> 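Handing you this structure, nothing more for now.
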Amino acid sequence: MQTSTLKQAKLVIEKPPLFEPLDPPSRLLCGPGPCNPHPRVLKALSMQEIGHLDSAFLHIMEETKVLHFCDILGKLTMNSLYLSLVLDQLNWKLAFNLLEPGDKFLVGCNGYFGHRLVEMGHRYGASVVSLQVPWGQIFSAEVLEEHIRKHRPKVLALIHAETSTGACQPLKEAADICHHYDCLLVADTVTSISGVPLHIDQWNVDAAYAGSQKCLSCPPGIAPLTFGPRALDKLRKRRCKVKNWYLDMNLIASYLNKNGSRSYHHTAPINMCYGLREALALVAEEGLEQRWLRHERNALLLWKGLAELGLECLVPQQHRLPTLTTIQVPKGIQATAVTSYMLQNFGIEIGNGLGELEGKVWRVGLMGYNSRTEVVKTLLVALQTALLQQGHSFIRPSFM
Ligand SMILES: *Cc1c(COP(=O)(O)O)cnc(C)c1O
């Protein structure tokens with residue numbers, strides 16, 4: 001009896017450890033996001049934990065907001081009336097605190113993310129009108145004006161950089177039209193922030209939210225969000241409280257923005273704030289305009305290489321995002337076979353088409369840290385090899 005128990009005990013000891021050491025594969029992330037974080041950001045993430053009400057942490061948060069004010073969201077000055085926040089990833093949805101039940105909400109749907117906002121608007125009890133153009137196109141000022149005049153919405157939402165199609169929606173005229181008709185403009189700037197020219201205050205965008213995992217080159221988990229004076233006024237005058245306590249902007253604003261003293265609302269994502277702080281410092285060091293130019297330069301290099309491979313982009317160049325390119329899948333090529341081949345043989349991730357564009361395009365992101373010449377060259381060689389495997393033929397391109 002005793003011997004067999006001992007034997008069993010021995011067996012247990014000889015079992016391999018339950019968990020292998022954590023070892024995620026090395027990838028070059030050139031899809032629609034996330035992209036590879038900058039090494040300095042990764043280092044910042046692993047720094048020591050401090051309490052979220054510790055004055056040292058409050059200092060880091062204030063600093064993040066200052067960097068964020070001055071260098072990221074256009075040319076905001078310290079005494080601007082904009083309220084900018086850094087929140088955990090899901091909390092950019094706070095931008096939709098601007099909606100109250102029954103509010104008319106006009107959404108520009110020219111891709112997947114617009115459709116997502118329609119769904120969100122319904123859940124907030126808004127009266128949603130979805131304005132549609134074919135995927136890959138943008139909304140002209142005339143079309144926007146016609147529909148704003150017709151529907152008189154309280155809020156219009158537009159996707160500045162539609163990651164499902166690669167189209168860049170101009171915002172300035174849209175904001176002017178909105179204000180003429182007493183409507184607020186909310187912009188999704190997730191894939192444009194720090195990669196594409198964006199001037200929140202000059203253009204008078206009322207509220208904008210972004211993400212960390214695209215051109216800011218920080219892992220997902222934190223999100224910048226900003227409200228202008230008109231939006232803040234609407235928030236203050238809400239007739240009813242936001243249903244979700246965690247997502248009540250008025251509660252969160254008092255937690256984040258009371259100088260010095262903060263009341264507890266939730267535990268901030270402390271290490272993610274370190275990461276974002278470092279990501280913003282990198283933007284400030286490079287210079288915002290320089291960073292926009294770098295994204296443009298590398299996108300031009302990619303587009304030239306694609307043309308040499310006989311590939312066409314979905315979006316005309318004048319509205320094409322430098323941060324995300326949608327490539328049309330040539331006839332006879334199986335889209336997912338190419339993406340799998342690139343991942344398995346080169347460790348390179350590019351995206352498949354989403355929604356309506358599934359099987360019709362590939363999505364290539366050159367965002368933040370990954371917008372580099374050597375990344376473009378590596379990507380083109382891998383794409384060419386994958387296409388050859390699929391029987392696509394072309395003349396020898398110049399990048400080889
Ligand atoms: C990536 C992205 C988002 C946010 O995506 P999550 O997966 O919810 O973080 C939102 N809008 C656009 C345009 C995006 O590209």
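All ligand and atom numbering here is 1-based and tracks the order in the structure. Just so it is clear, the structure is predicted and the values come from calculations on it, not from any experiment. We're numbering straight along the sequence, starting at 1.
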> Identify, by atom number and element, the atoms of ligand 1 in contact range of Ala161, meaning under 4.0 Å from any of its heavy atoms.
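Those qualifying, in numeric order: 13 (C).
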> Give a yes/no verdict on whether any heavy atom in Pro220 is under 4.0 Å from an atom of ligand 1.
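Not so, Pro220 does not reach ligand 1.
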> Is the centre of the Trp292 ring less than 6.0 Å from the centre of the His199 ring?
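When the ring centroids of Trp292 and His199 are compared, they turn out to be within the sub-6.0 Å range.
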> My understanding is that only one of Lys237, Lys154, Arg239 makes a salt bridge (charged side-chain N to carboxylate O under 4.0 Å, His left out) with Glu100; could you say which?
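Testing each of Lys237, Lys154, Arg239 against Glu100, the sole residue satisfying salt bridge (charged side-chain N to carboxylate O under 4.0 Å, His left out) is Arg239.
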> Please state which part of Glu162 comes within less than 4.0 Å of ligand 1, counting heavy atoms only: side chain, backbone, both or neither.
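Looking at Glu162 and ligand 1, no heavy atom falls under 4.0 Å.
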> Say whether Gln213 and ligand 1 are in contact under the criterion: heavy-atom distance to a ligand atom below 4.0 Å.
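Contact present.
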> Between His319 and Val315, is there a donor-acceptor pair closer than 3.5 Å when you use the side chain of the first and the backbone of the second?
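No: the side chain of His319 does not pair with the backbone of Val315.
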> Could you tell me, atom by atom, which parts of ligand 1 come under 4.0 Å of a heavy atom of Thr163?
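So the atoms of ligand 1 that pass are 12 (C), 13 (C), 14 (C), 15 (O).
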> Is any side-chain heavy atom of His295 closer than 4.5 Å to a side-chain heavy atom of Cys215?
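A side-chain contact exists here, since the closest heavy-atom pair is under 4.5 Å.
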> Between the side chain of Lys104 and the main-chain N/O of His151, is any donor-acceptor distance below 3.5 Å?
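Looks like yes, one N/O pair under 3.5 Å.
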> Under a 4.0 angstrom heavy-atom cut-off, which atoms of ligand 1 come close to Thr191?
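Per the distance check, 14 (C), 15 (O).
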> Considering only heavy atoms from C-beta outward, does the side chain of Tyr209 approach that of Phe96 to under 4.5 Å?
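Result yes, sub-4.5 Å side-chain heavy-atom pair found.
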> Can you list the atoms of ligand 1 that are under 4.0 Å from a heavy atom of Ile159?
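Those atoms are 13 (C).
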